[in-house]
Amino acid sequence: MKILIVEDEPKTGDYLKQGLTEAGFVADLARDGWDGLELAKDGHYDLMILDVMLPGLDGWQVLDGVRRAGVETPVLFLTARDQVADRVKGLELGADDYLVKPFAFAELLARVRTLLRRGRGGLEPTVLKVADLELDLLRRRAIRAGKKIDLTAKEFALLELLLRRQGEVLPRSLIASLVWDMNFDSDTNVIDVAVRRLRAKIDEGFESRLIHTVRGMGYVLDMDRDGA
Ligand code: CA
């Protein structure tokens, strides 16, 4: 799951990016309204965390621009101003939730998870399964055939993507845009290395292979693809 943070205060921005990354999300950080709007219009984000007071465009203008561009990414507003008028203005523009600074990271994380679930119709399972593999999104835990598997945050995000899109061949470029942040250098073989490591943990020593390479195309997670 990929989150865009638009926050000009360096400390808060870095704190959010680090915390969300540690919680297993992929996070990009924009430090002003213009960059935030450009990135948001890209449309690859599952959620935006938007500060109100920003240089360039303020948070409301960013949200307005995002919605005008037809991007429906849910938005959580961060504001130091908790006046009723501000809340009403943001909600009228299509913000999905509010958090008043200063906030506890645990609360932010809870709101983020709620918004992400709601964004998918509220019916989103919190445990993704295929064959004897289970990925528990809330407990951040992977289990195969009853055995717990330790994954890095990146491996977890990669496996989550493969599970959500199981049966679908995912090109490297798509994997890069959904699992890596905007500073990712696509000329490297980082994705292949990450998939190889993930596969060693998920598939080695188990009866069937789940993660497959489709030559010239990308990767797919599938139960019925032996020999592919
Ligand atoms: Ca600010």
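In listed order, ligands and their atoms are each counted from 1.
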*Under 3.0 Å from the Ca ion (ligand 1), which protein atoms of type N, O or S occur, listed by chain and number?*
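Counting only protein N, O or S atoms under 3.0 Å from the Ca ion (ligand 1), the list reads Asp8 OD1, Asp51 OD2, Met53 O.
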*Drop me the distance from Lys2's NZ to Leu20's CG, to the nearest 0.5 angstrom.*
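So the NZ of Lys2 and the CG of Leu20 are separated by 13.5 Å.
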*Report yes or no: is the cationic atom of Lys154 (NZ for Lys, CZ for Arg) under 6.0 Å from the centre of the six-membered ring of Trp180, at an angle within 45° of the ring normal?*
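Cation-pi check for Lys154 and Trp180: passes.
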_CA sep, side-chain torsions, deciding dist, call: Leu198, Thr152, side chain to side chain contact (heavy atoms under 4.5 Å, CB included)_ = CA-CA 9 Å; Leu198 177 63; Thr152 63; over 6 Å; no
*Glu38: what forms a side chain to side chain donor-acceptor pair (under 3.5 Å) with it, not counting sequence neighbours?*
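Result, side chain to side chain donor-acceptor pair (under 3.5 Å) vs Glu38: none returned.
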*With Asp192, which residues qualify under side chain to side chain donor-acceptor pair (under 3.5 Å), at least two apart?*
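Checked Asp192 against side chain to side chain donor-acceptor pair (under 3.5 Å); matches are Arg172, Tyr219.
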Which atom pairs, one a donor and one an acceptor, fall under 3.5 Å between side chains of residues 8-15 and the rest of the protein, sequence neighbours left out?
unit_1	atom_1	unit_2	atom_2	d
Glu9	OE2	Lys101	NZ	2.8
Asp14	OD1	Arg31	NH2	2.8

